[in-house]
Protein chains: 2
Amino acid sequence: MVTRDPDAKRRQLVQAALAEFAAHGIAGARIDRIAKAANCSAGLVYTYFGSKDDLFSAAFDSLIETVLEEAPITPDDLPEYAGKLFDGYEDHPEVARFLTWHRLESDPDRAPNAAAIASTADKIAAIEDAQRRGVLPEHLVPAELLGMILQISAVWTAATPEFGEAVAQYTRADRRRVVTDAVAALIRP
Amino acid sequence: MVTRDPDAKRRQLVQAALAEFAAHGIAGARIDRIAKAANCSAGLVYTYFGSKDDLFSAAFDSLIETVLEEAPITPDDLPEYAGKLFDGYEDHPEVARFLTWHRLESDPDRAPNAAAIASTADKIAAIEDAQRRGVLPEHLVPAELLGMILQISAVWTAATPEFGEAVAQYTRADRRRVVTDAVAALIRP
DNA sequence: CGTTGTCAAATGAATATTCATTCAATAGGC
DNA sequence: GCCTATTGAATGAATATTCATTTGACAACG
């Protein structure tokens, strides 16, 4: 028999929710599908999470935790940092989709994720430090540079189908080089 | 009394649909709200468009038509082109939202928008031509450069709430300069 | 001029389904 | 036996879609 394990069930539900929300967003997600994917009833979702929105929020927090662990910033080699972000998007396309749904759909009154804010502040500080050490040009504003790197890394995930036609034959290595080259150009002294 | 004017009513419905879909996406949009905003009954939407998905598609086509007319590419001054795109996003934030919903939600089996594909090809050709005339460095691949410019222009619309905290005090002029400077750095010989 | 026939535009009230959420009842492990 | 996890069957509110009917414009006709 299956032995009961509430923590494992909770994790299963979060995993299933991540996949469902990444695919369909909040409005398009179906609690039934999430429950079925986690091998339980829809009712159990409410025992654990209370509501669809709360489940989305829990899934988001879990995703942030995972994402922040991978891809630590390497301020001495920002092109490679962007490349690592690119790798993350390629290997886990559902992450970018989920984050996009989050930006579009989540309740703006909800408190923003504290870990994400702290991590952003850390990255900006790391860039400032690299400037002080002379490995990055002084004229760049750290927060702006960081924002630009994040955006550039996602250039291929954000491409429209219409644009995709123009680059259909690109290999993954090609796409990665486009990202790292762009960041290299940005930080050229 | 209100005189009947089917073309005007159709345009009203498309306008209302654009606003509703930009705000809530396909799954979150409500036909009732669209009909009310266009001063007609929900049934009329089906007389004109047949289904929610078809209405979304019609709204998308209309948006593309509008967007392509504004912001013609200026290959001799790409930083300013990016600035113009930035202006468009700032003045019409619903456009970026709508396009994002489109990327996430629209049926991949639907035929891509031919005008958008043609326009992309035109822009790439314009960049190639500028390279031939010597106003742009040869080492850049036109399609890649175009994709990068489009992505960079949208850097602020794609910023997460968490990142937004780091740049809350930025003025619009600041944000625009970040965009144009980045494109200038990209095309530096 | 009025009357009337015709057709498209438009309505509003069903229809029928989908879905989040609740809850009383059951089962598992200690 | 007791506590918690879990179920599965309601519930009830939305909501997309259909359709029989009404309304408005317009032109043919007397």
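Naming: A, B, ... by sequence-line order, numbering from 1 per chain.
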A.B. asks: Is any side-chain heavy atom of Tyr81(B) closer than 4.5 Å to one of Leu85(B)?
C.D. replies: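 Yes - at least one pair of side-chain heavy atoms lies under 4.5 Å apart.
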
A.B. asks: In residues 98-107 of chain A, which residues come under 4.0 Å of DNA chain C by heavy atom?
C.D. replies: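 Heavy-atom cutoff 4.0 Å gives no residues at all.
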
A.B. asks: Quick one, Pro75(B) and Val135(B) - any side-chain contact, counting heavy atoms below 4.5 Å?
C.D. replies: no

A.B. asks: According to a 4.5 Å side-chain heavy-atom criterion applied to Ile, Leu, Val, Met, Phe, Trp and Tyr, with indirect links allowed, do Trp101(B) and Leu63(B) form part of one hydrophobic cluster?
C.D. replies: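 As far as the 4.5 Å side-chain criterion goes, Leu63(B) and Trp101(B) are not connected within one cluster.
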
A.B. asks: Assert yes or no for the condition that the ring centre distance of Phe56(B) to Phe49(B) is strictly below 6.0 Å.
C.D. replies: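 When the ring centroids of Phe56(B) and Phe49(B) are compared, they turn out to be at least 6.0 Å apart.
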
A.B. asks: Nearest-Å distance, CD (Gln12(A)) to C1' (dA5(D))?
C.D. replies: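 The answer, rounded to whole Å, is 13 Å.
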
A.B. asks: Could you tell me how far apart Asn39(B) (CG) and dT23(D) (P) are, to the nearest whole angstrom?
C.D. replies: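 That distance rounds to 19 Å.
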
A.B. asks: Taking CD in Glu65(B) as the centre, count heavy atoms belonging to other residues, nucleotides or ligands within less than 6.0 Å. Is the count above 12?
C.D. replies: no

A.B. asks: Any donor-acceptor pair under 3.5 Å joining the side chain of Arg4(B) to the base of dA25(D)?
C.D. replies: no

A.B. asks: Rounded to whole angstrom units, what separation is found between the NZ atom of Lys36(B) and the P atom of dA14(D)?
C.D. replies: 14 Å

A.B. asks: Using atom CZ of Phe56(A) as one end and atom C1' of dA20(C) as the other, report the distance to the nearest whole Å.
C.D. replies: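 Going from CZ in Phe56(A) over to C1' in dA20(C) covers 17 Å.
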
A.B. asks: I'd like a table of atom pairs between the protein and nucleotides 17-19 of chain D - only N or O on both sides, under 3.5 Å - with the distance next to each one.
C.D. replies:
unit_1: dT17(D); atom_1: OP2; unit_2: Tyr46(B); atom_2: OH; d: 2.5
unit_1: dT17(D); atom_1: OP2; unit_2: Lys52(B); atom_2: N; d: 3.2
unit_1: dT17(D); atom_1: O5'; unit_2: Tyr46(B); atom_2: OH; d: 3.4

A.B. asks: May I ask you to test the Arg103(A)-Thr100(B) pair for a side-chain heavy-atom distance under 4.5 Å?
C.D. replies: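 Side chain of Arg103(A) against side chain of Thr100(B), heavy atoms only: contact under 4.5 Å found.
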
A.B. asks: Base, sugar-phosphate alone, or nothing: which one does Ala38(A) contact when heavy atoms must sit under 4.0 Å apart?
C.D. replies: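 Nothing, no nucleic acid heavy atom in range.
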
A.B. asks: Which donor-acceptor pairs under 3.5 Å do the side chains of residues 140-158 of chain B make with protein atoms, sequence neighbours left out?
C.D. replies:
unit_1: Glu144(B); atom_1: OE2; unit_2: Tyr170(A); atom_2: OH; d: 3.1
unit_1: Glu144(B); atom_1: OE2; unit_2: Arg177(A); atom_2: NH2; d: 3.4
unit_1: Gln151(B); atom_1: NE2; unit_2: Gln151(A); atom_2: O; d: 2.8
unit_1: Ser153(B); atom_1: OG; unit_2: Ile149(B); atom_2: O; d: 2.6
unit_1: Trp156(B); atom_1: NE1; unit_2: Arg175(B); atom_2: O; d: 3.1
unit_1: Thr157(B); atom_1: OG1; unit_2: Ala154(B); atom_2: O; d: 3.1

A.B. asks: Quick one: does Tyr46(B)'s side chain get under 4.5 Å of Ile31(B)'s, heavy atoms only?
C.D. replies: yes

A.B. asks: Asp54(B) has an atom CG; how far is it from atom C1' of dA16(D), in whole Å?
C.D. replies: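 It is 13 Å, rounded to the nearest whole Å.
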
A.B. asks: Any residue in residues 15-22 of chain A with a heavy atom nearer than 4.0 angstrom to DNA chain D? Just list them by number, or reply none.
C.D. replies: none

A.B. asks: Measure the distance from CG on Leu55(B) to P on dT15(D) and round it to the nearest whole Å.
C.D. replies: 16 Å

A.B. asks: List the atom pairs, donor and acceptor, that lie under 3.5 Å between side-chain atoms in residues 114-123 of chain B and the rest of the protein, sequence neighbours left out.
C.D. replies:
unit_1: Ser119(B); atom_1: OG; unit_2: Lys123(B); atom_2: NZ; d: 2.7
unit_1: Thr120(B); atom_1: OG1; unit_2: Ala116(B); atom_2: O; d: 2.9

A.B. asks: Report yes if the side chains of Leu55(A) and Ile34(A) come closer than 4.5 Å at any heavy-atom pair, otherwise no.
C.D. replies: yes

A.B. asks: Measure CD1/Ile26(A) against P/dT21(C) and give the value in whole Å, please.
C.D. replies: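 Atom-to-atom, Ile26(A) to dT21(C), this comes out as 12 Å.
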
A.B. asks: When all nucleic acid strands are considered with a 4.0 Å heavy-atom cut-off, which category describes Phe49(B): base, sugar-phosphate, or nothing?
C.D. replies: nothing

A.B. asks: Would you please confirm or rule out a distance under 4.0 Å between OP1 or OP2 of dA16(D) and any side-chain N or O of Arg30(B)?
C.D. replies: yes

A.B. asks: What residues, two or more places apart in sequence or in another chain, satisfy salt bridge (charged side-chain N to carboxylate O under 4.0 Å, His left out) together with Arg133(B)?
C.D. replies: Asp76(B), Asp129(B)

